[in-house]
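Numbered from 1 within each chain, the chains take letters A, B, ... in sequence-line order.
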2 protein chains.
Amino acid sequence: MAQAKYQQIADRLREQIDSGQLAPGQRLPSEPDLVRQFDASRNTVRLAIALLTNQGLVVTRQGLGSFVTEPAQPFTAVMSRVHVQPAGRQAASTLPEVGNAPAEVRTSRQVVEKSPASASVADKLEIAPGDLVVVRRRRGTIGSVPWMMMASYYPMDIAAGTELELAGDIAHGSVRLLAELGYPQVGFADEIGARMPNGQEFAFFGLSTGTPVIVVNRTAYTPDRPIRLTRYVYRGDRVRLSHEVGSIPARFHNG
Amino acid sequence: MAQAKYQQIADRLREQIDSGQLAPGQRLPSEPDLVRQFDASRNTVRLAIALLTNQGLVVTRQGLGSFVTEPAQPFTAVMSRVHVQPAGRQAASTLPEVGNAPAEVRTSRQVVEKSPASASVADKLEIAPGDLVVVRRRRGTIGSVPWMMMASYYPMDIAAGTELELAGDIAHGSVRLLAELGYPQVGFADEIGARMPNGQEFAFFGLSTGTPVIVVNRTAYTPDRPIRLTRYVYRGDRVRLSHEVGSIPARFHNG
DNA sequence: AAGTGGTCTAGACCACGGG
DNA sequence: CCGTGGTCTAGACCACTTC
């Protein structure tokens, strides 16, 4: 046998999806149908469907059937917009702007805790792993769609005894507060990656199998040191990040 | 039954992975072992392992066993580095810089073709779907690790009769060539997303199941119009994108 | 040869969604 | 109620890796 039977079934179905013969949202043949069509056992048919599901091409719903994934219009998170000439604009907030929100953008009240820094947080903030940091968390929804989780990490020597330790929003934004505390932000570095979601992310976003998340680690700096790490997690099926550099005519913003 | 048996098995194994009891690179108990340990059938055990595999936590190798995924040190693709004060630096090339390459960065010779624009390409370039575009493709490896696929799309009215239609590298870079042709680039917009790989990407990168890819659509502009779309695809398990904004001390670059 | 995962079958019962 | 997918079992044979 050149190729496994479940692979062949998956390939056939993928062809039909790619060609549009099976359109987005359309139901695949039922499992018993596929069993007859390909002369295979039900388990083999289910293996084929699982393959497509994990590639994000198909979603299955118990009692209803398997459906070709319908891509949704993505939201655009504007991560930076820098006009090199004459002067750059720096965000006043760590909250990303949404370029094309079709509904109200809402953000949960900030939850604050102190906890020991993980290895990755410590590395970015240039502190020792296990050192205490202040963590400020919030989650974001657009209309009824959950789209973002974010957490900001502050070194304790900066945050101790300040408004940063208190729950709730910061009056004039954390960038301004940090500047008033003697830590003027002069720039930031974004490190962007993608991975499969953990259980918490899977549940909050209501993801289906085969959907990754986008992770952004944004480190903010004074001329001397890192002063904050903000970690953003976005659902991969509904969000695109936008970074703009240079003098882009306004009419081109966020397509 | 509160939860499916294969879910319980997967949860147990995940706990052991998260706690470090099963360290990265370590072999899981064999399938027959897990069958005995959890009093389940082999198919049920395999379902549990498949779950972890699709979450990117485990890789299986025939004849050897299942192993906890070993995260590799990621490469950093520097997508932009903008100093707001006094002046920004614009890349001379569409080729991303690698911030921390441990081996030689090699790039394939460019392959060129003409083809009709897909809907997504046409949208970015503000042309009609189906209009011909010049496509220039290349692939990149670091040492022996394939890490990038890129394709640049040029509207035919710009590229026709120019060096852009010829295979091979462009002598002084495409940004300079475009400027000489009367299309000076003044900025670009990056749109970043994540998804599961298609078959071609899976094969080229040698990915294992449960690994997403990062997709960057970079649109370059003159003051009047889009002049190029470059689409980058990176493997999610080995690449992080870097965007820097502001005056970040050099010692913090690609920490 | 022995041990590992990969593929496949046949059948059973459960859970969900919609008439 | 019926049709859909979800879970689980028991067993068979194949393919790969190591010794």
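The cationic atom of A:Arg139 (NZ for Lys, CZ for Arg) lies less than 6.0 Å from the six-membered ring centre of A:Phe204 and within 45° of the ring axis. With A:Phe67 as the aromatic partner, A:Arg61 meets the cation-pi criteria of under 6.0 angstrom to the ring centre and within 45 degrees of the ring axis.
The pair A:Arg235-A:Glu201 fails the salt-bridge criterion, with no side-chain N (NZ, NE, NH1 or NH2) lying under 4.0 Å from an Asp/Glu carboxylate O. At a threshold of 4.0 Å, the pair A:Glu113-A:Arg137 counts as salt-bridged, since one of the basic side-chain nitrogens sits closer than that to a carboxylate oxygen.
The residue B:Asp39 sits close only to the backbone: its heavy atoms come under 4.0 Å of sugar-phosphate atoms, none of a base.
Between A:Ile49 atom CD1 and D:dT7 atom P there is a gap of 13 Å when expressed in whole angstrom units. Going from atom CD of B:Gln7 over to atom C1' of D:dC8 covers 14 Å, rounded to whole Å. As a whole-Å value, the separation of A:Glu31 CD from C:dC16 P is 16 Å. Rounding to whole angstrom units, CD of residue A:Gln3 and P of C:dG6 are separated by 16 Å. As rounded to whole Å, 13 Å separates atom C1' of C:dG5 from atom CG of B:Leu28. Here C:dG5 presents its C1' atom at 15 Å from CG of B:Leu47, a figure rounded to the nearest Å. Rounded to whole angstrom, the span from the CZ atom of A:Phe38 across to the P atom of C:dT9 amounts to 13 Å. Protein atom CZ of B:Phe67 is 12 Å distant from nucleotide atom P of D:dT17, rounded to whole Å.
Put simply, B:Ser66 has no side-chain N or O that comes within less than 4.0 Å of OP1 or OP2 on C:dT4. Residue B:Thr44 places no side-chain N or O under 4.0 Å from the OP1 or OP2 atom of D:dT7. For A:Arg46, a side-chain nitrogen or oxygen approaches OP1 or OP2 of D:dG6 to under 4.0 Å.
Within the structure, the ring pair (Phe, Tyr, Trp, His ring centres under 6.0 Å) test picks out the following pairs touching residues 97-154 of chain A (sequence neighbours left out): A:Trp147-A:Tyr234.
Closest approach of A:Leu52 and A:Ala10 over heavy atoms only: CD2-O, 3.9 Å. When all heavy atoms of A:Phe205 and A:Pro146 are compared, the closest pair comes out as CD2-O, 3.4 Å.
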Any protein N or O atoms within reach of nucleotides 10-14 of chain D? Criterion: under 3.5 Å, listing atom names and distances.
unit_1 : atom_1 : unit_2  : atom_2 : d
D:dA10 : N6     : B:Asn43 : ND2    : 2.5

